[in-house]
Amino acid sequence: MNLDKIVALCKRRGFVYQSSDIYGGLNGVYDFGPLGTLLKQNIRKVWVQSLKKTDKEIVFFEGSILGSYDVWKASGHADHFNDPMVDCLNCKKRYRADEINLEKPCTHCGKKDWTRARQFNMMFKTNLGAAADEASIAYLRPETAQSIFINFKNVISTTRVHIPFGIAQIGKAFRNEITPKQFLFRMREFEQMELEWFCKKENADTYFDYWVNEREKFYDAIGIKKENIRLKDHDKNELAHYSNQTTDIEYHFPFGWKELEGVADRGNFDLTQHSSHSGKELSVYDDETKKSYIPNVVECSVGVDRMFLMVLFDAYTQDTIDGEQRVVLKISPKLAPIKAAFLPLTKKLSDEFLPIYKKIKTQTGFDMQFDVSGSIGKRYRRQDEIGTPVCFTYDFDSQKDGKVTARSRDTTKQERVDIDQLETYLKNIIQ
Ligand code: GAP
């Protein structure tokens, strides 16, 4: 299994396209095609559901992408969100200094002629309005979390939430990565799903363990192979500038064990910083102690696109059925972009099967496909490759017995199902 196979599948079947493709492409930026869009929607949906299905109080939020310099100064990103960068003076190729051996020559041109390492801030800068002066500078957010922190007071004063509670957000983030790589793994424009859990300091450790555990359970629930997931605690020298402790949930990608999601104890760093920089009170009143305090935050943060890539790796399978090789995405039915395919055995049977397909589609609202082109074997393979859990085939017997053949993606086993029962049959698979 390698990355090239996933990239090729994504392009071939319309999951992902290089951004600005017809103009030569934009490095580290991608567009999502029809199937990729459905997969992303399903990933967001299962994440939201996993939070809604806890007994915890969590509200959802959507912050702006643009933020003022003040926000990023207070958060520490203006000063600390840097990667070390070096250039090869001979071929002008640029590298992250911590990812190469500067004692060795450039892997691109073979010469050893490095610039000194400089700190490169990864935030994208822009100007608001026509005046390109200091006052108009704004930044595209490098994480969604800060918009939650700066709205903390707004949320508690306009809703009925009480500590402990969470604010969750899904949204775009931007990082001017020096070397975007491994397809969707390290991008310049990506999407995050973040939960900021506000609690009392004395409960932060308990909630940290709770959320690490919840997030591990989440991957199990969406069918990710247990052996491909592990936890890794950060050493003190690996911690981000805001973190007291971090545990990464790592996935065993073909290019090694890598961070999929980070769970971090951010202490009360962010709210304290924003309170002192803005001069606004961001503490809450404790009815028990009759004192005000700034709550601690436990954060769970994962990229939609990185999860997308992980799901494809985990599901990608090659097997041999009746002597014929096939590629099959053994993806959880909850995540599958297309839930079922309706395949009339011959074109002649389309007129009878199409109304049945339309009826079930309108009844369930599921994304499904009706496909008449090619042999039935080819049509099964096409659906296997995009992870469709079940195919229904309408044949000449269907006219007589009111049944279709249901063929399972994973086992390729077939069974006859009453057309009247199709909706229930499908719902049972997708649960
Ligand atoms: N608010 C905390 C935060 O942003 P992070 O570890 O920098 O922490 C969290 O990012 C998650 O966002 C990562 O675990 C990863 O899933 C995703 N992510 C970060 N940088 C990314 C990039 N350049 N491309 C794709 N996903 C990225």
Side-chain angles (χ1 to χ4, degrees), residues 3 16 19 26-30 32 36 40 43-44 47 61 63 65 67 71-72 75-77 80-83 96 99 120-124 139-150 166-197 208 211-212 215-216 218-219 224 229-234 238-251 253 255 257-267 269-271 273 297-313:
L3 185 59
V16 183
S19 180
L26 201 56
N27 201 4
V29 187
Y30 293 91
F32 289 81
K40 270 185 125 178
I43 286 175
R44 294 188 199 105
W47 184 81
F61 175 84
I65 284 169
V71 174
W72 306 108
S75 70
H77 286 78
H80 303 293
F81 199 58
N82 302 323
D83 269 342
R96 252 176 72 169
E99 286 183 344
F120 173 74
N121 191 284
M122 289 197 288
M123 284 195 296
F124 282 99
Y139 291 86
L140 305 192
R141 60 184 181 187
E143 61 169 10
T144 64
Q146 294 305 323
S147 57
I148 293 180
F149 300 135
I150 59 177
I167 305 180
Q169 173 171 207
I170 300 180
K172 288 270 187 175
F174 301 81
R175 296 183 188 180
N176 200 0
E177 299 282 351
I178 298 170
T179 47
K181 60 181 171 193
Q182 280 128 358
F183 194 36
L184 307 181
F185 185 81
R186 194 171 299 288
M187 305 156 80
R188 288 187 168 130
E189 173 179 339
F190 58 101
E191 198 173 327
Q192 287 185 315
M193 301 188 283
E194 299 201 291
L195 166 70
E196 309 301 325
W197 178 255
F208 184 84
W211 283 114
V212 169
R215 299 305 303 147
E216 229 188 336
F218 167 82
Y219 292 107
I224 304 305
I229 294 279
R230 75 173 188 194
L231 300 181
K232 167 124 186 318
D233 297 336
H234 280 210
E238 292 174 312
L239 291 174
H241 64 271
Y242 50 75
S243 173
N244 293 331
Q245 63 168 320
T246 296
T247 295
D248 282 345
I249 299 175
E250 291 192 331
Y251 182 78
F253 287 96
F255 39 87
W257 284 97
K258 300 278 174 200
E259 173 185 345
L260 170 64
E261 167 159 2
V263 182
D265 170 2
R266 296 180 77 123
F269 174 84
D270 302 277
L271 291 181
Q273 285 291 107
V297 172
V298 175
E299 172 188 77
C300 305
S301 174
V302 59
V304 177
D305 318 83
R306 200 173 284 186
M307 198 187 291
F308 182 112
L309 182 64
M310 178 277 287
V311 163
L312 292 184
F313 273 129

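Counting starts at 1 for both ligands and their atoms, following the listed order. All heavy atoms count here, side chains included; hydrogens, waters and symmetry mates do not.
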Exercise. Would you please name every residue forming a salt bridge (Lys or Arg N to Asp or Glu O under 4.0 Å) with Glu196, sequence neighbours left out?
Key: none

Quiz item: At a 4.0 Å threshold, what atoms of ligand 1 neighbour a non-hydrogen atom of Glu194?
Solution: 1 (N), 2 (C), 3 (C), 4 (O)

Exercise. Go through the steps to decide whether Tyr251 and Phe313 satisfy the test ring pair (Phe, Tyr, Trp, His ring centres under 6.0 Å), and finish with yes or no.
Key: CA-CA 10 Å; Tyr251 182 78; Phe313 273 129; 7.3 Å; no

Exercise. For ligand 1, indicate whether the residue Glu299 contacts it via side chain, backbone, both or neither (heavy-atom separation under 4.0 Å).
Key: side chain

Quiz prompt | Nearest protein heavy atom with distance in Å, relative to atom 26 (N) of ligand 1 | solution = Phe190 CD1, 3.6 Å

Practice problem: Do me a favour and list the nearest non-hydrogen protein atom to atom 8 (O) of ligand 1 with residue, atom name and distance? | Solution: Tyr242 OH, 3.6 Å

Practice problem: Can you pull out the closest protein heavy atom to atom 25 (C) of ligand 1? Residue, atom name and distance to 0.1 Å, please. | Solution: Phe185 O, 3.2 Å

Self-check item: atom 13 (C) of ligand 1: the protein heavy-atom neighbour that sits closest, reported with distance to 0.1 Å
Solution: Glu259 OE2, 3.3 Å

Exercise. Report the part of Leu260 (side chain from C-beta onward, or backbone N, CA, C, O) that has a heavy atom under 4.0 Å from ligand 1; answer both or neither where that applies.
Key: backbone

Quiz item: When you measure from the side chain of Arg188 to the backbone N and O of Asn27, does any donor-acceptor pair fall under 3.5 Å?
Solution: yes

Practice problem: Identify, for atom 7 (O) of ligand 1, the protein heavy atom at the shortest distance, and state residue, atom and that distance. | Solution: Arg175 NH1, 2.8 Å

Quiz item: If you measure every N/O of Gly303 against every N/O of ligand 1, is any gap under 3.5 Å?
Solution: yes

Quiz item: Judged by non-hydrogen atoms, does Arg266 sit under 4.0 Å from ligand 1?
Solution: yes

Practice problem: For the pair His80 (side chain) and Ser75 (backbone), establish whether a donor and an acceptor sit closer than 3.5 Å, ignoring hydrogens and angles. | Solution: no

Quiz item: Are side-chain N/O atoms of Glu143 and Ser301 paired as donor and acceptor at under 3.5 Å?
Solution: no

Practice problem: Below 4.0 angstrom from a heavy atom of Glu177, which ligand 1 atoms are there? Numbered from 1 as shown, please. | Solution: 23 (N)

Exercise. May I ask you to identify the nearest protein heavy atom to atom 9 (C) of ligand 1, giving residue, atom name and distance to one decimal place in Å?
Key: Ser301 OG, 3.0 Å

Quiz prompt | Ionic contact status for Glu250 with Arg230, cut-off 4.0 Å | solution = yes

Quiz item: Can you say whether the rings of Phe253 and Phe255 are parallel (under 30°), tilted (30 to 60°) or perpendicular (over 60°)?
Solution: parallel

Practice problem: Give the contacting part of Met307 toward ligand 1: side chain, backbone, both or neither, where contact means a heavy-atom distance below 4.0 Å. | Solution: neither

Quiz item: What do we get for Arg186 next to ligand 1 when only non-hydrogen atoms under 4.0 Å count, side chain, backbone, both or neither?
Solution: both

Quiz item: Non-hydrogen atoms of Phe174 versus ligand 1: any pair closer than 4.0 Å?
Solution: no

Practice problem: Go through ligand 1 atom by atom and flag the ones less than 4.0 Å from a non-hydrogen atom of Val302. | Solution: 16 (O)

Quiz item: Mind checking whether Phe32 and Phe308 have parallel, tilted or perpendicular rings, split at 30° and 60°?
Solution: perpendicular

Quiz item: To the nearest 0.1 Å, how far is atom 22 (C) of ligand 1 from its closest protein heavy atom, and which atom is that?
Solution: Met187 N, 3.5 Å

Self-check item: Step-by-step ring pair (Phe, Tyr, Trp, His ring centres under 6.0 Å) determination, Tyr30 to Phe183
Solution: CA-CA 9 Å; Tyr30 293 91; Phe183 194 36; 5.2 Å; yes

Quiz prompt | Sidechain-backbone polar pair: Gln192 side chain, Thr144 backbone, donor-acceptor under 3.5 Å | solution = yes

Quiz item: Who are the side chain to side chain donor-acceptor pair (under 3.5 Å) partners of Lys181, not counting sequence neighbours?
Solution: Glu99

Quiz item: Between Glu196, Lys258, Gln192, which one has a non-hydrogen atom sitting closest to atom 10 (O) of ligand 1?
Solution: Gln192

Quiz item: Would you call Asp248 and Lys232 a salt bridge, taking side-chain N to carboxylate O under 4.0 Å as the test?
Solution: no

Quiz item: Under 4.0 angstrom from ligand 1, any heavy atom of Asp305?
Solution: no

Exercise. Considering the heavy atoms of Glu143, write down every atom of ligand 1 situated less than 4.0 Å from one of them.
Key: 1 (N), 2 (C), 3 (C), 4 (O)

